[in-house]
Structure formats: structure tokens, C-alpha cells
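Letters A, B, ... mirror the listed sequences (proteins, then strands); counts begin at 1.
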Protein chains: 2
Amino acid sequence: MVDKFRITNQREIILEELRAVKTHPTADELFDKVRARLPRVSLATVYRNLEWLCQQGIVQKIEVGGRQKRFDGTANLHYHIRCIGCGRVDDVDMSPVETLDHDLSDKSGYTIMGHRLEFWGTCPACSRSGGS
Amino acid sequence: MVDKFRITNQREIILEELRAVKTHPTADELFDKVRARLPRVSLATVYRNLEWLCQQGIVQKIEVGGRQKRFDGTANLHYHIRCIGCGRVDDVDMSPVETLDHDLSDKSGYTIMGHRLEFWGTCPACSRSGGS
DNA sequence: TTATTTGCAAAAACTTTGCTGATAA
DNA sequence: TTATCAGCAAAGTTTTTGCAAATAA
């Protein structure tokens, strides 16, 4: 069954604010941004809409290291790099290696569906401040 | 200051049980195994010792997708594959690509410290039962 | 009109911490 | 002997859920 869905104000603004940043915010970081425009919005609404946007294939949840899940305003496959200093997550300028999944299928008993490549290190700002 | 540390019964058994399996258990899965041998052990002790073992470089915490952290009884770099059906995590038979970190350093402003490659799919058992 | 969505609060899921007694060395 | 560690319970953090009111279509 296909959900009927509504374009609510909250839904639009959550997507706009997610796409307005490149740092792959956590739900509560996004909540703060959305709340600046919709003061009565709740964190549950942010979580619910992020989940819904993921299920529609409009955005993606990226499960990188660290405690909280982060969200990416695009749905295309690409890799990420995470700063262990401040936690920010940036896109990596590297083409996904599509052949990896197939190469591995030959060896493992798994049915491979995808992969994720994540780098970590210190971002320029954290390298300067903490790297003396 | 270097910690003085003790080899407690709990610590030894937690490490033994972690190394006895290849599925990279969560803290509570490991807790069940340890409790079979030490009925009065607490989950907090499992968490504390896993954290301590990670800090000593004896084991590693692997932050793959899914809700809970998982633990690997070895400290060497290798890649993992996670079953989206049952959550188990297996090692991947693929040599780590050491050059990746250096290649990326040229492009990004980050100081790269490492990377993680994680595959996902369905394990043989879940492929059979759910794949019809 | 009415089924979806929201806000609020409570619960759930996972992990960490404070404290006191136990214990390895 | 004594500083580290364990067990227990409580708290902390992040995410999900139940429910009545609001609302998009």
C-alpha cells in the first residue's frame, strides 16, 4: 500500500535546512536549525520526517562513527570523512568503487548489497587548533 | 601516568569469550556469554572492560551500522560485512588498501588518520530463510 | 470530511557513572 | 595494605512511540 502523504510546512523546512548545510547534521543539530524557523516544532517531528525522507529515497541516513546518526540531504552514493575533533562529516572527492561489491561476492557467502567507505582524521580547523 | 592494572577473572573471561566468536558481538551479547561462566557479572563490567581493552589496543570497537556498537577480539585493521537480516558481522577476506588514506590527503584539507570499509548484505543463513 | 501529521510526554534502547564493598598484587 | 576493580542501581544520551489535537487535501 502506498502512503498518501502531505507536504507539511515542517517537512519542507526540515528538508530545506538539511540541504542548506554540507556538514551532515545530527537530528538534534537539525532540530536547532528548524526551530529557528518553526519555534514550536518538536524533536520527534524531526526524527519522524528524517526517517520518512530516507524511506522515500530523498535523503540518506549515514551511520558513521560517533554516537549519533547523521543525515545527508542527497541520496546518491558517495563517501564521507569524519573529523574526530569536532564530529563534522564532509563529502569525499572520490568516485565510488562500484566493482567492490561484485568482487567480494565471489569470496563470501553473503549476498552483497552495498558498501560504505568512511575516512576519519582532523578537519582543517581542528588540525590548526589542536595540532601544535 | 600509567595505570596499574589487574588481571581480574572478569577481564580474562570477557576477553576469552570475545575471542571465542567471530561474529563481533555487541556488549549485551557478550554479557550473556560471560554470564554463563560468571553468573554474578554485571553488564557495566562488560562495558568497562571492553572500553579498557580497546584503550590498551588489545581489541577494537567497530562502529558499523545498526544500533549497537560491536567488538572485535583482534586489533589489526581489516574490513567487515554486516548482515541486514540478523545483524551479525563477519570479517571480509580482502587486504586493506593502505594507499587510500594517502591518496585522499592530497585532495582534502583533512589530516587523514584512517578509514573503514563496511559491506552489507544478507548472510548465507538469512539469504536462505528470507530470500524466496 | 478524514486520514495523515504534529506536539507533547513517556517509554525504550543503549551506555556510562557514582558509590561501597571486594580483591589482586 | 591499598589502589584498582566489581556489582548494583541510578542516571545520561539518543531515538522511538502513544495519544489527542491540528491540518493538508
(request) Among A/Val92, A/Ile81, A/Leu117, find the one that has a side chain to side chain contact (heavy atoms under 4.5 Å, CB included) with B/His115. (result)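 Per the side chain to side chain contact (heavy atoms under 4.5 Å, CB included) rule, the option paired with B/His115 is A/Leu117, out of A/Val92, A/Ile81, A/Leu117.
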
(message) Are the side chains of B/Leu30 and B/His24 in contact, using a 4.5 Å heavy-atom criterion?
(response) no

(message) Does any part of the side chain of A/Tyr47, heavy atoms only, come nearer than 4.5 Å to the side chain of A/Phe31, both counted from C-beta?
(response) no

(message) Rounding to 10°, can you tell me the angle the first-five-pair axis of the helix from C/dT1-D/dA25 to C/dA25-D/dT1 makes with its last-five-pair axis?
(response) 40°

Phosphate contact ([N] OP1 or OP2) by [X] side-chain N/O below 4.0 Å:
| X | N | answer |
| --- | --- | --- |
| B/Ser42 | D/dC8 | no |
| B/Gln10 | D/dG7 | yes |
| B/Arg11 | D/dC5 | yes |
| A/Thr8 | C/dT6 | yes |

(message) Closer than 3.5 angstrom, by distance alone: can the side chain of A/Gln60 be matched with the main-chain N or O of A/Thr74 as a donor-acceptor pair?
(response)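 Here the side-chain-to-backbone pair exists.
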
(request) Using the test salt bridge (charged side-chain N to carboxylate O under 4.0 Å, His left out), find all partners of B/Arg48 that sit at least two apart in sequence or belong to another chain. (result) none

Please enumerate all protein N or O atoms sitting under 3.5 Å from an N or O of nucleotides 9-14 of chain C, with distances to 0.1 Å.
| from | atom 1 | to | atom 2 | distance (Å) |
| --- | --- | --- | --- | --- |
| C/dC14 | OP1 | B/Gln68 | NE2 | 3.2 |

(message) Salt bridge or not between B/Glu63 and B/Arg116? Use side-chain N to carboxylate O under 4.0 Å.
(response)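 Salt bridge: no.
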
(message) Closer than 4.0 angstrom, basic N to acidic O: yes or no for B/Arg70 and B/Asp72?
(response)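 Looking at B/Asp72 together with B/Arg70, the answer is no, because their closest N to O distance does not fall below 4.0 Å.
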
(request) Report yes or no: is there a donor-acceptor pair, N or O only, under 3.5 Å between the side chain of B/Arg40 and the base of D/dA6? (result) no

(request) Determine whether any donor atom in the side chain of A/Arg6 lies under 3.5 Å from an acceptor atom in the base of C/dT4, or the reverse, and answer yes or no. (result) yes

(request) List the steps, then state whether side chain to side chain contact (heavy atoms under 4.5 Å, CB included) holds for B/Arg40 with B/Arg35. (result) CA-CA 7 Å; B/Arg40 301 193 55 76; B/Arg35 194 160 41 168; over 6 Å; no

(message) With nearest nucleotide decided by heavy atoms, which residue, A/Thr26 or A/Asn9, maps closer to the 5′ end of DNA chain D?
(response)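 Result of the comparison: A/Thr26.
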
(message) Rounded to whole Å, please give me the gap between CD in A/Glu29 and C1' in D/dT14.
(response) 13 Å

(request) Check whether the side chains of A/Asp93 and A/His78 place a donor and an acceptor atom closer than 3.5 Å, and report yes or no. (result) no

(request) Hey, which sits more toward the 5' end of DNA chain C by its nearest nucleotide, B/Ala27 or B/Ile7? (result)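 Closer to the 5' end of DNA chain C: B/Ala27.
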
